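Accompanying notes for the structure given below.
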Amino acid sequence: MKQNVYNQSQFFEGYKKLRESNSGLNDVLEQPALRALLPRLEGKQILDIGCGMGQFVSYCARQGAKKVVGTDISNNMIEYANQHNKGEDTEFVCSAIEDLQFENQSFDLIVSSLVLHYVKDYREVVSKIHRWLRTGGIFIFSIEHPIVTSQNPMQGWVYNEQGQKICWPVDHYGEEGERRQSWFIDGVIKYHRKLATVVNELIKEGFQIERMEEPEATVAVLTERPELGEHGRRPPILLVKCKKGLS
């Protein structure tokens, strides 16, 4: 059974507070970097896989997208998204990624924000996304960086006796597969893949890699939140932009 931690009340409430406060890495690192990779959205048909609370769906609609479909495994997320992001040009679907079904060549742009590290069968999802895209369509996604997910179990920073962060250990990097993490609740399941695996599966499916990013906090952000400078010591997020070429 696919894990659905976002439907657990403790997890959902913790995550909702994080997003509503705009204090998480989504808002200060991941979303600015992702939006910088976007093509023009006007007139596009867009799929947001793992849409969460619907913020990105709403953003695309405001940019003139023809139709934006947001999907998420969590009923909590979809209910919130429907309440806060209503519009004739938006639609929300409650479904796990693995169970989604769309007609081939339905979308001009597919985006997935910090979701694919929850997916066990990455290859199958990449294959489905390739089919759903029109020729020349763009796929942009972000995941937790493989340097972050490599630890088994995922325990994070190493501290000295004074409570200072010494280093982020990269261990078990070549051991791909399930990881467990304590984040709002214990036992959150994620999947570690080597960077080579992430990229090569895209190439194998027929995607053309256009750009990769490992975002860091800007000077302006660091002025207000200097603690985010620690993310320059190890990259928390990986973004990939790729294109569906001619068959």
Side-chain angles (χ1 to χ4, degrees), residues 6 12-42 44 46 48-65 68 70 72 77 80-81 84-85 90 109-117 138-150 154 156-160 162-170 181 183-184 190 195 198-199 209-243:
Y6 290 87
F12 177 71
E13 287 303 319
Y15 182 80
K16 183 160 71 76
K17 289 178 182 178
L18 184 70
R19 293 308 306 271
E20 289 178 340
S21 67
N22 295 322
S23 60
L25 294 185
N26 304 69
D27 299 287
V28 296
L29 290 183
E30 188 264 350
Q31 279 296 297
L34 187 149
R35 295 184 187 190
L37 296 175
L38 293 173
R40 286 193 61 181
L41 303 183
E42 186 176 357
K44 296 290 195 301
I46 301 170
D48 181 7
I49 299 175
C51 66
M53 297 174 176
Q55 295 98 322
F56 184 75
V57 170
S58 180
Y59 170 80
C60 292
R62 293 196 303 271
Q63 300 303 308
V68 192
D72 202 280
M77 293 293 191
Y80 185 101
H84 294 82
N85 305 278
T90 62
L109 170 68
I110 297 179
V111 173
S112 179
S113 179
L114 295 172
V115 171
L116 295 186
H117 49 258
I138 300 295
F139 175 36
I140 302 174
F141 67 95
S142 61
I143 56 173
E144 284 198 65
H145 201 289
I147 284 178
V148 173
T149 59
S150 66
M154 296 175 64
W157 294 94
V158 173
Y159 293 82
N160 62 18
Q162 289 72 43
Q164 300 168 320
K165 294 175 179 176
I166 302 174
C167 65
W168 184 282
V170 178
Q181 183 183 36
W183 186 43
F184 297 125
K190 299 179 180 180
L195 178 58
V198 172
V199 173
I209 309 298
E210 292 203 331
R211 191 164 183 86
M212 299 172 66
E213 295 288 354
E214 298 165 306
E216 297 181 23
T218 63
V219 173
V221 170
L222 288 174
T223 300
E224 294 186 9
R225 297 184 58 191
E227 74 277 7
L228 293 175
E230 70 179 33
H231 297 299
R233 298 174 61 183
R234 63 95 177 87
I237 297 168
L238 172 71
L239 290 104
V240 181
K241 177 181 181 179
C242 50
K243 181 178 181 179

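The model shown is predicted, which means the values in this text are computed figures rather than measured ones.
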Report summary line: Taking every heavy atom of Leu222 against every heavy atom of Leu228, the minimum-distance pair comes out as CD2-C, 3.8 Å
Query raised in the report: Got Asp72 and Tyr80 here, is their nearest side-chain heavy-atom distance under 4.5 Å?
Result: no
Report task. Over all heavy atoms of both residues, which pair between Pro169 and Ser150 is shortest? Give the atoms and the distance, please. Result -> O-OG, 4.5 Å
Query raised in the report: Would you say Glu230 and Trp168 make side-chain contact, with heavy atoms under 4.5 Å?
Result: no
Report task. To the nearest 0.5 Å, tell me how far Cys242 SG sits from Ile110 CD1. Result -> 10.0 Å
Requested in this report: Apply side-chain contact (heavy atoms from CB on, under 4.5 Å) to Glu227 and list each qualifying residue two or more places apart in sequence or on a separate chain.
Outcome: Arg225
Requested in this report: Would you check if the side chain of Arg233 reaches a backbone N or O of Ile166 as a donor-acceptor pair within less than 3.5 Å?
Outcome: yes
Query - Point-to-point distance, once rounded to the nearest 0.5 Å, from CG of Leu29 to OG of Ser142 - result: 11.0 Å
Query raised in the report: Nearest 0.5 Å, what's the CG-CG distance between Leu238 and Leu114?
Result: 10.0 Å
Report task. Answer yes or no: is there a side-chain heavy-atom contact under 4.5 Å between Leu195 and Met212? Result -> yes
**Report entry** Note, Cys60 side chain near Asp48 side chain (heavy atom, < 4.5 Å)
**Finding:** no
Query raised in the report: Can you list the residues that meet the ring-ring contact (aromatic ring centres under 6.0 Å, His included) rule with Phe139, with sequence neighbours excluded?
Result: Phe141, Phe207
**Report entry** All side-chain hydrogen bond (donor to acceptor under 3.5 Å, both in side chains) counterparts of Thr149, not counting sequence neighbours
**Finding:** His192
Query raised in the report: Do any N or O atoms from the side chain of Ser58 and from the backbone of Gln55 form a donor-acceptor pair under 3.5 angstrom?
Result: no
Query - Nearest non-hydrogen partners of Val57 and Cys51, listed with the distance - result: CG2-CB, 4.1 Å
Query raised in the report: Atom CG of Leu239 and atom CD of Gln31: how far apart are they, to the nearest 0.5 Å?
Result: 9.0 Å
Query raised in the report: How long is the gap from NZ on Lys190 to NE2 on His117, to the nearest 0.5 Å?
Result: 5.0 Å
Report summary line: salt bridge (charged side-chain N to carboxylate O under 4.0 Å, His left out) filter on Glu42, not counting sequence neighbours, yields Arg40
Query - Test item: Gln63 and Arg35 side chains (from C-beta on) under 4.5 Å apart, heavy atoms - result: no
Query raised in the report: How long is the span from the CG atom in Leu37 to the CD1 atom in Ile138, to the nearest 0.5 Å?
Result: 10.0 Å
In a table with atom names and distances, give each donor-acceptor pair under 3.5 Å that connects a side chain of residues 214-221 to protein atoms at least two apart or in another chain.
from	atom 1	to	atom 2	distance (Å)
Glu214	OE2	His145	NE2	2.7
Thr218	OG1	Val221	N	3.2

Report task. May I ask you to test the Leu38-Tyr59 pair for a side-chain heavy-atom distance under 4.5 Å? Result -> yes
Query - Side-chain (Thr90) to main-chain (Val68) donor-acceptor, under 3.5 angstrom - result: no
Report task. With sequence neighbours excluded, tell me which residues meet salt bridge (charged side-chain N to carboxylate O under 4.0 Å, His left out) with Arg211. Result -> Glu213
Query raised in the report: For the side chain of Lys165 and the backbone of Trp157, is there at least one donor-acceptor N/O pair under 3.5 Å apart?
Result: no
